[in-house]
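Letters A, B, ... mirror the listed sequences (proteins, then strands); counts begin at 1.
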Number of protein chains: 2
Amino acid sequence: MDSPRRSFTRESAENRREALIRATLTLIGRKGVQAATVRGIAAEAGVTLGLIRHYFEGKDELIYAAYQAHMIQLTDATMEGPRQSDKPAAHQLARIVRASLTPPVSSPKAVGLWAGFLNMVQRDPRMAEVHSRTYYDFRDRLQALIAPALEEAGETPTPERLRALAIACNAVIDGLWLEGGALPDAFGPGELVSIGLTSVGAILGLTLYDPGEEA
Amino acid sequence: MDSPRRSFTRESAENRREALIRATLTLIGRKGVQAATVRGIAAEAGVTLGLIRHYFEGKDELIYAAYQAHMIQLTDATMEGPRQSDKPAAHQLARIVRASLTPPVSSPKAVGLWAGFLNMVQRDPRMAEVHSRTYYDFRDRLQALIAPALEEAGETPTPERLRALAIACNAVIDGLWLEGGALPDAFGPGELVSIGLTSVGAILGLTLYDPGEEA
DNA sequence: CTTATATTTATACAAACGTATAACAATAAG
DNA sequence: CTTATTGTTATACGTTTGTATAAATATAAG
């Protein structure tokens with residue numbers, strides 16, 4: 001009995017690319033890099049494996065696109081929310097800390113994905129470029145908030161000191177993000193956010209209020 | 001022309017296991033998880049692939065052993081050095097910060113390796129156990145130094161506060177370690193150590209001196 | 001309604017994978 | 001010196017991998 005050719009509907013290139021990227025992220029996040037095979041990805045996306053080569057030059061380019069998508073998603077989820085340009089910079093800083101240390105930004109899937117990609121950075125210059133760009137982008141945004149927050153407190157740091165503070169705040173946030181995502185049951189609810197706000201505050205010499213406590 | 005069977009010398013089980021583990025770490029660190037195949041590992045260790053199954057139940061167990069070895073190596077390199085029980089706890093704390101943020105602990109290879117393993121943690125409970133144990137072990141050692149360092153400064157923190165401080169210091173160190181290893185050219189020599197000491201000091205409310213500055 | 005286009009499926013293929021097993025030879029034991 | 005042991009090499013096997021190519025069909029164009 002020969003099975004009939006499966007029916008299908010045509011989709012836009014954008015939809016298909018998105019679906020394939022999403023399937024790739026799902027697999028790497030759930031089962032690790034080794035599970036992200038072209039057949040596995042195609043099955044997860046509900047298509048056959050030939051489609052991958054139709055939309056991407058090869059598996060490597062799909063992985064590359066998935067890495068970019070994941071990092072953009074992470075950055076957006078961290079920085080999103082109402083602009084609040086009227087609110088003090090310290091307030092916006094606290095918002096970022098909070099977003100960074102709560103799901104979906106800090107989650108086993110997001111951290112696992114990120115780790116898998118980071119392991120690829122060493123052998124692939126394109127992947128390294130994504131990593132580098134993502135790091136500097138986030139740190140620069142942080143620095144752009146630290147400067148006015150210090151000004152509000154009456155301090156005008158030198159460029160060297162500002163750079164050091166941005167590196168340090170970035171590191172605490174990254175470290176807490178990492179640990180919260182990798183060991184989700186090791187910390188109480190809100191514990192990491194609280195520690196993050198206190199630590200960033202201590203490093204900057206400011207007091208940050210928990211944006212979750214406001215009405 | 002049939003090539004003759006290659007000559008070999010017998011080695012102790014310990015030597016062989018070590019060589020295979022070292023080869024595994026070299027490959028994952030240099031070319032990523034995907035490159036750590038049984039044939040690649042055997043070639044790197046200078047043996048044939050059959051030996052792997054002779055010393056390990058399968059590839060998974062070799063990976064597991066390599067993960068353990070890497071984390072033990074990392075922890076030892078961080079905590080090593082003269083005991084200095086006579087020196088103040090703050091001094092020992094500074095030593096740990098310094099060791100954590102300089103090679104070989106903070107290096108592209110060490111960080112890349114660690115990331116590859118972390119990606120496996122999600123699907124393999126044994127790998128997760130290694131991660132969890134390593135994290136708590138380091139944090140506990142940190143906490144055991146933070147307490148007396150605060151006492152020296154005349155402060156006696158509550159257990160809750162002590163826990164929060166250990167989590168925070170661990171996070172800064174981890175974050176800086178990560179960024180220094182993943183982007184080795186992004187920071188000046190000694191910059192991360194300096195930032196690490198300042199940040200840990202700010203979080204604890206202490207002043208840490210750079211142990212590299214002493215005679 | 002007919003035709004053309006190109007998205008999608010289906011199949012094939014060589015290479016590489018982890019594992020299993022048999023043959024060999026270095027070393028220890030007698 | 002001879003024998004037994006077992007560390008080590010060598011080879012084979014079935015699966016899975018990424019890629020290439022041909023066939024089919026959903027959709028747009030005329």
### Polar side-chain atom of B:Ser199 near backbone of B:Ile195 as donor-acceptor pair, under 3.5 Å
yes
### Message
What is the distance, to the nearest angstrom, from the CZ atom on B:Arg10 to the C1' atom on D:dT6?
### Response
5 Å
### Query
Once you round it to whole Å, what is the distance between P of C:dG18 and CD of B:Glu61?
15 Å
### Query
Do the side chain of A:Arg39 and the base of D:dG18 come within less than 3.5 angstrom through a donor-acceptor pair of N or O atoms?
yes
### Message
Check this for me, if you would: do B:Glu191 and A:Arg163 make a salt bridge, where the nitrogen-to-carboxylate-oxygen distance has to be below 4.0 angstrom?
### Response
yes
### Message
Please classify the nucleic acid contact of B:Phe56 as base, sugar-phosphate, or nothing, using heavy-atom distances under 4.0 Å.
### Response
nothing
### Query
When we call it a touch if two heavy atoms are under 4.0 Å apart, what does A:Thr48 touch: a base, just sugar-phosphate, or nothing?
base
### Message
For a quick check of understanding: with a heavy-atom distance under 4.0 Å over all strands, which category does B:Arg5 fall into, base, sugar-phosphate or nothing?
### Response
base
### Task
Among D:dG7, D:dA20, C:dT8, find the nucleotide with the atom closest to the side chain of A:Arg53.
D:dA20
### Task
Check whether the side chain of A:Arg6 and the base of C:dA10 form a donor-acceptor pair under 3.5 Å.
no
### Task
Verify the contact: side-chain N or O of B:His54 to OP1 or OP2 of D:dT8, cut-off strictly under 4.0 Å; return yes or no.
no
### Message
Both B:Ala35 and A:Leu51 contact DNA chain C. Taking the nearest nucleotide for each, which residue is further toward the 5' end?
### Response
A:Leu51
### Message
Closer than 3.5 angstrom, by distance alone: can the side chain of A:Thr26 be matched with the main-chain N or O of A:Arg22 as a donor-acceptor pair?
### Response
yes
### Query
Can you name the nearest heavy-atom pair linking A:Thr37 to A:Gln34, along with the distance?
CG2-O, 3.7 Å
### Query
Could you state the CG-P distance from B:Asn15 to C:dT27, rounded to the nearest angstrom?
14 Å
### Distance, rounded to the nearest Å, where A:Asp60 contributes CG and D:dT19 contributes C1'
12 Å
### Task
Report which part of the nucleic acid B:Ile52 touches: base, sugar-phosphate, or nothing (heavy-atom distance under 4.0 Å, all strands).
nothing
### Message
From CD1 of A:Ile41 over to C1' of D:dG18, roughly how many Å is that when rounded to an integer?
### Response
11 Å
### Between C1' of D:dT16 and NZ of B:Lys59, the distance in whole Å
13 Å
### Task
Report the distance from atom CD of B:Gln34 to atom C1' of D:dT17, rounded to the nearest whole Å.
11 Å
#### Entry: Distance test, side-chain N/O of B:Tyr55 to OP1/OP2 of D:dT8, below 4.0 Å
yes
### Query
Given D:dA20, C:dT9, D:dG7, which nucleotide is nearest the side-chain atoms of A:Val47?
C:dT9
### B:Leu49 side chain, from C-beta outward: closest of C:dT19, C:dT7, C:dA26
C:dT19
### Task
Establish, with yes or no, whether the OP1 or OP2 oxygen of C:dC17 is under 4.0 angstrom from a side-chain nitrogen or oxygen of B:Thr37.
yes
### Message
Show every ring pair (Phe, Tyr, Trp, His ring centres under 6.0 Å) that has at least one partner inside residues 18-52 of chain B, sequence neighbours left out.
### Response
none
### Task
Inspect the contact between B:Glu44 and B:Arg30 and indicate whether a charged nitrogen and a carboxylate oxygen are less than 4.0 angstrom apart.
yes
### Query
Within this structure, what is the CD-to-P distance between A:Glu11 and D:dA28, rounded to whole angstrom?
12 Å
